[in-house]
Amino acid sequence: MADVKTNDLMERIVSLCKARGFVFQSSEIYGGINGFWDYGPLGAELKRNVKDQWWRSMTQQRDDIAGLEATIIMSPRIWEASGHVHTFADMMVECPVTKKRFRADQVEESSGIVYKFSGAKDAAGKASEEAFEVMVPLGKPKESALKVAKQFYQSRGLPAPEPIDAGEPAKVEKSTLYSPDSGARLSDPRPFNLMFKTFVGPIESEDSVAYLRPETAQAIFAQFKNVLATSRQKVPFGICQIGKAFRNEVTPRNFTFRSREFEQMELEFFIRPDEVIEAICGDVAKPTDPGHPGAPQTNWGWQMWHQYWVEERIKFYESIGLPRTTLVEYWQKPEELAHYARATVDILYKFPFGKKNAQGELMGEELEGVAARSDFDLSQHQRFSGKSQGVFDEDLKAGWAKLTPEKQADLTKRYYDTRFKYLTKTDERPDQAERMAKEDAAGLAKGNYIPHVIEPSAGVDRLMLALICNAYAEELAPDEKGKMEQRIVLKFHPRVAPIKVAVFPLLKNRPELVQKAMEVRELLRPHMTVFYDEGGAIGRRYRRQDEAGTPFGVTIDFETLGENGPDQKDTVTLRDRDTMTQIRVNIKDLLAVLLEKVR
RNA sequence: GCGGGUGUAGUUCAAUGGUAGAACGGAAGCCUUCCAAGCUUCAUACGAGGGUUCGAUUCCCUCUACCCGCUCCA
């Protein structure tokens, strides 16, 4: 797709989504609400299919994952343990020039001369009346203050601003009002919490504050022990969940891509720490080649499991119609990683609106993050709840007893070190951390440890948008007279297509055709979504279904009735959406043929 | 949050200080033997609120939504 066309392309996709009933703006009749979107009839079907495919691939297709469905509102302490409250309940100030945010209570003190401006004029006649202050260090000339002021007014829409002085410069000592970056006067402190807040119960007080979950993952951790106790699973195993999450994004953007209310499909896959693997198996398998490492093995360390899940997830995307070439596997750089993450791979899709690299190629936007989160989450909940989140592992206990004392000491030391590092990083006092880490390390001999986790976390709505973008095609197709006309078609994989098959009588003014078509509809209806349509010419009906992404059309014609010979009796035309080719299928074989294609 | 742009039918667009028109789409009917054919009929819109004015979809202000750039995305 040509460069200049990408926005147009996205706009056409958005229009089609509205026109065909995939996506509507939330509360549209009241002017809409920023960052919220509804799914229309076809969108709702598509979404169900996507979630069903994921759920099935996680639970029904394997026996080492259990499902969970937790509430959206949970104890606020969960978000304290996860770090969400801590990170974002703070008052923040912003530098108006660099746009960088600082915690209001952590701005460095600075001293210098403060220059004040009442506004600025532009040679072109534009003006700004917004006041601006900037501090420059003692001894620096006024020019450096002017430079920052010009930057500020440029960001306010004046290309060549002339700032207007507002009184004499003043000397200021040890102030926290100015940006450590630019010297510009910081914004007033304001809370910056991306979690939606609400109150449980009729009284709105500090004691009743609760949050809409900003991710579904924490519920899985919080219910880890319950699932473990009831599901007859043991490590390594996973818990998966699909559900709504809410983030009060600063800027929702790009259609449904970044919404404030969205749905996640998350798996937390719990594994043994590498020290435990080593105690049981004698060694720890690490990745040697890229690509899928095959069926899980007992001696896999966290890196093998991580790679395994990255490849499993990509396989999933391919299975619902996103070609490998549209996906990007992005390994986060060490400085991009969250502090608790050992590695994170983002699986990106090349959305038309996405960023481009220097060569003008789309770099992709995130569909899913596959993170190796160590034992951070369960450890946090253990500390905050005071309830053990560890597991007992018989294989470890048995294996440990067979190790040499040197090996035992070595593994104990390594386990101790990582636990100590975690505990000190999360602000435990050094003597406390030492005591707790020792306890944890001593647990190995008894077969106890806190599992580590690999977290593939996908966004349903983003995936839907990717599927729609990927499916969208504008083609030329011949019309009735053989003239080439544009055809718009959504080439969904039959697995996710909202409507699987459309059934048409060739002509609606022949009762025999209509009657037979209705019979075929009833035949298929228990097994898949079927759409019956008799309005207008047959070609029009095909095109309508093309835009809905319906992969198959079945037409009942005069051959079906046996009017053109007995050998064609009870056969129908099966039309393929993508190739527009038609084959004849006997009605008695139709269901089997279609089920084969849509599964 | 900052700056810029836009908001007229389901979609894409037009016109206008005296309350709006098309194309495509939709519905109904006739017709139609496989890819948006034809004919007839019908329905549907000025994002919201203020202001100026005799009168505002049009001019002004505020809000809101969408798009673009920056920022944000824990």
Side-chain angles (χ1 to χ4, degrees), chain A residues 6-8 10-12 14-21 24-37 40 79 82-90 92 94-101 126 128 130 152-159 187 190 192-195 214-215 247-255 257-260 338-340 353 365-366 369 459 477-489 504-510 513 535-547 553-561 563-564 572-573 575 577 580-582:
Chain A
T6 41
N7 287 339
D8 293 349
M10 204 55 217
E11 273 170 36
R12 292 199 297 276
V14 171
S15 297
L16 182 71
C17 282
K18 173 84 191 287
R20 285 289 148 187
F24 305 130
Q25 210 178 353
S26 171
S27 322
E28 196 190 90
I29 60 168
Y30 290 104
I33 177 167
N34 185 285
F36 296 88
W37 300 90
W79 308 113
S82 69
H84 287 85
V85 171
H86 176 73
T87 323
F88 279 94
D90 306 313
M92 304 291 281
E94 191 181 72
C95 169
V97 176
T98 63
K99 307 292 183 191
K100 219 166 139 180
R101 287 201 183 91
K126 278 181 154 181
S128 168
E130 204 170 341
F152 173 80
Y153 287 110
Q154 275 166 4
S155 74
R156 292 296 189 271
L158 306 186
S187 70
R190 53 177 175 235
F192 193 79
N193 196 325
L194 286 132
M195 284 197 292
E215 59 174 41
R247 293 183 198 179
N248 217 340
E249 298 284 356
V250 177
T251 316
R253 226 10 117 69
N254 290 324
F255 199 32
F257 183 79
R258 174 164 298 123
S259 305
R260 291 188 160 126
H339 66 88
Y340 49 77
F353 53 75
E365 301 292 324
E366 185 182 347
D479 72 3
E480 204 183 31
K481 300 181 185 76
K483 203 177 117 213
M484 295 308 268
E485 296 274 2
Q486 194 189 51
R487 150 175 115 123
I488 289 173
V489 51
F504 314 116
L506 183 59
L507 300 176
K508 84 165 159 185
N509 57 359
R510 306 295 171 93
L513 289 174
I538 188 72
R540 169 186 294 267
R541 286 178 261 159
Y542 283 144
R543 293 298 164 81
R544 269 200 286 245
Q545 293 305 313
D546 287 345
E547 287 193 2
V554 169
T555 302
I556 284 70
D557 51 28
F558 293 95
E559 281 80 5
T560 317
L561 302 177
E563 290 189 7
N564 296 335
V572 292
T573 301
R575 182 251 192 189
R577 173 196 64 201
M580 298 194 289
T581 52
Q582 304 183 337

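Just so we're on the same page: letters track the sequence lines, and every chain starts at 1.
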**Close side-chain approach of A/Arg247 to A/Arg258, heavy-atom, < 4.5 Å** =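 No. Closest side-chain heavy atoms not under 4.5 Å.
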
**Prompt:** Within a strict 4.5 Å, meaning less than it, do heavy atoms of the A/Trp37 and A/Ser259 side chains meet?
**Reply:**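 With C-beta onward as the side chain, the pair touches.
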
With both distances under 3.5 Å as the test, what is the Watson-Crick or G-U wobble partner of [N]?
{"N": "B/G25", "result": "none"}
{"N": "B/G7", "result": "B/U64"}
{"N": "B/C70", "result": "B/G1"}
{"N": "B/U16", "result": "none"}
{"N": "B/G38", "result": "B/C30"}
{"N": "B/G55", "result": "none"}
{"N": "B/C46", "result": "none"}

With rounding to whole Å, what would you report as the distance between [N] and [M] at their [atom1] atoms?
{"N": "B/U58", "M": "B/A45", "atom1": "C1'", "value": "15 Å"}
{"N": "B/G29", "M": "B/C34", "atom1": "P", "value": "22 Å"}
{"N": "B/U57", "M": "B/C70", "atom1": "P", "value": "38 Å"}
{"N": "B/G17", "M": "B/U11", "atom1": "P", "value": "26 Å"}
{"N": "B/C30", "M": "B/A37", "atom1": "C1'", "value": "14 Å"}
{"N": "B/C59", "M": "B/C66", "atom1": "P", "value": "24 Å"}
{"N": "B/C13", "M": "B/G50", "atom1": "C1'", "value": "30 Å"}
{"N": "B/A56", "M": "B/A22", "atom1": "C1'", "value": "24 Å"}

Can you give me the closest heavy-atom contact between [X] and [Y], atom names plus distance?
{"X": "A/Trp79", "Y": "A/Glu215", "answer": "CH2-O, 3.6 Å"}
{"X": "A/Leu194", "Y": "A/Val250", "answer": "CD2-N, 4.1 Å"}
{"X": "A/Phe24", "Y": "A/Gly40", "answer": "CE1-CA, 3.5 Å"}

**Prompt:** Are A/Phe353 and A/Phe255 close enough that their ring centres sit under 6.0 Å apart?
**Reply:**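 Centroid distance A/Phe353-A/Phe255: not below 6.0 Å, so no.
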
Over how many whole Å does the gap from [X] atom [atom1] to [N] atom [atom2] extend?
{"X": "A/Glu249", "N": "B/A74", "atom1": "CD", "atom2": "P", "result": "8 Å"}
{"X": "A/Tyr340", "N": "B/A74", "atom1": "OH", "atom2": "C1'", "result": "8 Å"}
{"X": "A/Phe24", "N": "B/A65", "atom1": "CZ", "atom2": "C1'", "result": "17 Å"}
{"X": "A/Met10", "N": "B/C66", "atom1": "CE", "atom2": "P", "result": "14 Å"}
{"X": "A/Leu194", "N": "B/C72", "atom1": "CG", "atom2": "C1'", "result": "8 Å"}
{"X": "A/Glu28", "N": "B/A48", "atom1": "CD", "atom2": "C1'", "result": "14 Å"}
{"X": "A/Ile29", "N": "B/G10", "atom1": "CD1", "atom2": "C1'", "result": "16 Å"}
{"X": "A/His84", "N": "B/C73", "atom1": "NE2", "atom2": "C1'", "result": "12 Å"}

**Test item: A/Ser15 side-chain N/O and A/Glu11 main-chain N/O as donor-acceptor pair under 3.5 Å** =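 Yes.
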
Is the shortest side-chain N/O distance from [X] to OP1 or OP2 of [N] below 4.0 Å?
{"X": "A/Asn254", "N": "B/C67", "result": "no"}
{"X": "A/Lys508", "N": "B/G29", "result": "yes"}
{"X": "A/Asn34", "N": "B/C66", "result": "yes"}

With the side chain of [X] defined as its heavy atoms from C-beta on, choose the nearest nucleotide among [options].
{"X": "A/Glu563", "options": "B/U33, B/C67, B/G10", "value": "B/U33"}
{"X": "A/Phe255", "options": "B/G10, B/U33, B/C67", "value": "B/C67"}
{"X": "A/Arg253", "options": "B/C70, B/C31, B/U33", "value": "B/C70"}
{"X": "A/Lys18", "options": "B/C67, B/G10, B/C73", "value": "B/G10"}

**Base versus backbone protein contacts along nucleotides 34-40 of chain B [heavy-atom cut-off under 4.0 Å; B, S, -]** = BBBB---

**Request:** Indicate, with a heavy-atom threshold strictly under 4.0 Å, whether A/Gly35 touches base, sugar-phosphate, or nothing.
**Result:**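 Here A/Gly35 touches the backbone only, sparing every base.
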
**Request:** Remember a base hit wins even if backbone is also touched, and classify A/Ile33 as base, sugar-phosphate or nothing at under 4.0 Å, heavy atoms.
**Result:**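 Contact class for A/Ile33: sugar-phosphate only.
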
**Prompt:** Are the charged groups of A/Arg20 and A/Glu547 less than 4.0 angstrom apart, N to O?
**Reply:**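 Salt bridge present between A/Arg20 and A/Glu547.
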
**Prompt:** Does a side-chain N-to-carboxylate-O contact under 4.0 Å join A/Arg510 and A/Glu563?
**Reply:**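 No, A/Arg510 and A/Glu563 are not salt-bridged.
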
**Request:** Starting from the C-alpha separation in whole Å, work towards a yes-or-no answer on salt bridge (Lys or Arg N to Asp or Glu O under 4.0 Å) for A/Asp546 and A/Arg541.
**Result:** CA-CA 9 Å; A/Asp546 287 345; A/Arg541 286 178 261 159; over 6 Å; no

**Asked** Nearest nucleotide by nearest heavy atom, which residue falls closer to the 5' end of RNA chain B, A/Ser15 or A/Arg247?
**Response**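 The 5'-side residue here is A/Ser15.
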
